[in-house]
Trainee: 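For reference, the structure I am asking about is given below.
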Amino acid sequence: CALPISYLHPQFRLRIRSRLSIVSLPAPLARFWSIVSSENYARGLGPVSRHFAVLEELSAGQWDSVVRDDLIEALTPVLRLNRPWPMAGLWGSGFHEYAEPEVVLRAEDVSHSVLDRIVNHPQRSRILADLADDLTRLLKRAMDLLESVEKAGATFDLTYSDRPSIDDHPQNIGTRAWASTLIPLLRDSFLELRDRDPNRARHIVDRWSDLPFPLFRRFVFYAMAKCNFFEPKSCLNALFEKNAEWLWAIYTQRESFQLLESLWPKLEEADSTLLISQLLAGPPRELFPHDIDQAMFNNIVEQKIYTRLKALSQTGRALPSNTQARLDELHERWRSDASQPADRDHFPSWSEFTVGGLWHQQLSPEEDLRGKSDEEVLEFLTEVETSGHPPAGWQSVVRDHTERAAQLLLCAANERTTWPVGPWKDLLWAIPGSDVKGDLWNNVCQTLRRFPRVADIADPIASLLITQSSNTTSRAH
């Protein structure tokens, strides 16, 4: 097991690395030992007390090459390997079976303080302009580390789930300190260069264009939407890269919408026709799993076309008549709640607040299980047991229709011998505050006796039993 505070003796690391070349191991396990026996990994776990000095330097209003080097050292991402999750095997084989990786900053404990010091520094503009290249390199390092442990790649990364907007936004959760620090710093560095040195700003964007990972594509779209020194044709070509994958991908959704809305009023007739044709054609089939149900695929495509045409129509420039007719047709199927936030479509999902540990979300139509038939939801639950990933919207079923959720899981267990752990845990956490009782409650209890991996749901069962015991005692009194 890898512990976040431990690293190996140098001689032991050398022995491991010498053996790796001659011992046959599964690729993820070989990668694990290659990382933990590396000098870079050991250095990343070293002491960080020295990083408090940069706080004092920034607080004192200092800025020179020495302070800059201290700051870059403090903001350098490093890899940390924690014990794997107990149920890691449910997600198939891979690096996660041997360790749960995370990226942290060397000055992890003071990263937010560093950010505050820069924001309030009397030389803030100079610092941001000086750091643009360094921050790009640091973010690239973070993504390279994630790629080394199968958490990112040329076509995917998960920064959108923690920070779906490069702009500050309530949907940014901020659970990863490295992302909450480096992304806004790089954004502000670009905005500073945009106003002070447009040539350097263009150079930074060109550099982002050459880097892999969706995060840098998001930065490209963001920059193009926030300045006027990129030709509309160049912006359109950026959206059309890789068969227009970034126009449709959830990994770049927020910034692609911002660029669309900025670009549409500026396009000449020929280019606007190209964009409309691309949007009406919808996302290419190869962007989706090969085994996705055709009806579901059609719904997703329609919804994606609708939200993007709607975004263009709200910029003030009219759509061509045939395109407006298509939008009106889709509006009848996909119209949104009138209370929906203006930028809701910019985000793959929308979290508002929590009640009893369950997120209240505004879900897209294909995600919302509440309106689907029992058979459709059962198919989702069957897929969950295989994939290990709960379908989006299941928690809304549990929260709003707890009895139905219980009946569906009982049906999955008794008729399909399907035992999806995540959905069962959601149900068990929700039962104490619900109206599940009588025969249905008894059926849940009897079915749980046959649960094949009861240890996986031990926590919510324990909480549920304590609650039920308290209720029984109160009634007895």
Side-chain angles (χ1 to χ4, degrees), residues 160 164-167 169-171 217-218 220-228 230-241 243-284 287-288 296-350 352 361-368 371:
Y160 83 97
S165 174
I166 287 177
D167 273 329
H169 196 282
Q171 291 302 301
R217 198 61 50 222
R218 292 171 60 193
V220 170
F221 292 170
Y222 178 84
M224 289 180 166
K226 296 296 181 179
C227 63
N228 57 13
F230 290 96
E231 292 294 328
K233 183 70 173 180
S234 299
C235 299
L236 190 64
N237 289 339
L239 286 169
F240 285 176
E241 281 182 12
N243 200 19
E245 176 176 351
W246 305 125
L247 175 61
W248 305 103
I250 60 174
Y251 307 111
T252 53
Q253 185 162 318
R254 161 72 163 174
E255 287 71 33
S256 68
F257 267 85
Q258 288 179 313
L259 182 54
L260 277 174
E261 293 167 350
S262 168
L263 181 61
W264 175 243
K266 306 173 186 175
L267 287 176
E268 296 182 357
E269 194 65 29
D271 288 334
S272 64
T273 300
L274 282 175
L275 177 58
I276 290 295
S277 298
Q278 184 72 61
L279 293 178
L280 291 174
L287 296 184
F288 298 86
M296 180 181 292
F297 170 74
N298 293 338
N299 285 340
I300 293 173
V301 167
E302 277 197 0
Q303 195 263 348
K304 285 181 176 290
I305 293 173
Y306 169 68
T307 54
R308 285 154 180 80
L309 291 180
K310 184 175 74 168
L312 298 191
S313 72
Q314 294 172 342
T315 63
R317 178 183 179 179
L319 297 172
S321 56
N322 63 327
T323 306
Q324 183 62 52
R326 176 60 171 155
L327 176 59
D328 294 341
E329 174 191 339
L330 292 172
H331 183 70
E332 293 304 310
R333 284 174 52 82
W334 301 106
R335 71 176 67 189
S336 53
D337 189 331
S339 64
Q340 172 179 295
D343 58 355
R344 165 63 186 91
D345 292 333
H346 291 196
F347 298 87
S349 63
W350 186 276
E352 294 183 316
Q361 293 182 310
Q362 291 190 359
L363 302 165
S364 60
E366 74 272 9
E367 294 175 321
D368 196 343

Trainee: Can you list the residues that meet the ring-ring contact (aromatic ring centres under 6.0 Å, His included) rule with Phe297, with sequence neighbours excluded?
Mentor: Phe288
Trainee: More than 12 non-hydrogen atoms from neighbouring residues, nucleotides or ligands closer than 6.0 Å to CD on Glu231, yes or no?
Mentor: no
Trainee: Taking only residues two or more places apart in sequence, or in another chain, which ones meet Tyr306 in a side-chain hydrogen bond (donor to acceptor under 3.5 Å, both in side chains)?
Mentor: His331
Trainee: Looking at Glu302, is its backbone amide N or carbonyl O close enough to the side chain of Arg333 to form a donor-acceptor pair, meaning the two atoms are under 3.5 Å apart?
Mentor: no
Trainee: Among residues at least two apart in sequence or on other chains, which ones pass side chain to side chain contact (heavy atoms under 4.5 Å, CB included) with Asn237?
Mentor: Lys233
Trainee: With sequence neighbours left out, what residues match Pro265 under side chain to side chain contact (heavy atoms under 4.5 Å, CB included)?
Mentor: Thr315
Trainee: Taking side chain to side chain contact (heavy atoms under 4.5 Å, CB included) as the definition, give me every residue that meets it alongside Pro232, ordered by chain and number, with sequence neighbours left out.
Mentor: Leu263, Lys266, Leu267
Trainee: Just checking, any donor-acceptor pair under 3.5 angstrom between side chains of Gln171 and Asp343?
Mentor: no
Trainee: Quick check: does any side chain N or O of Ser262 sit under 3.5 Å from a backbone N or O of Leu259, one acting as donor and the other as acceptor?
Mentor: no
Trainee: Just grab all the ring pair (Phe, Tyr, Trp, His ring centres under 6.0 Å) pairs involving residues 253-276, residues at least two apart or on different chains.
Mentor: Phe257-His346
Trainee: Would you kindly say whether Asp328 and Gln324 are connected by a side-chain donor-acceptor distance under 3.5 Å?
Mentor: yes
Trainee: Strictly distance-based, threshold 3.5 Å: is any side-chain N or O of Gln278 a donor or acceptor partner for the main-chain N or O of Ala244?
Mentor: no
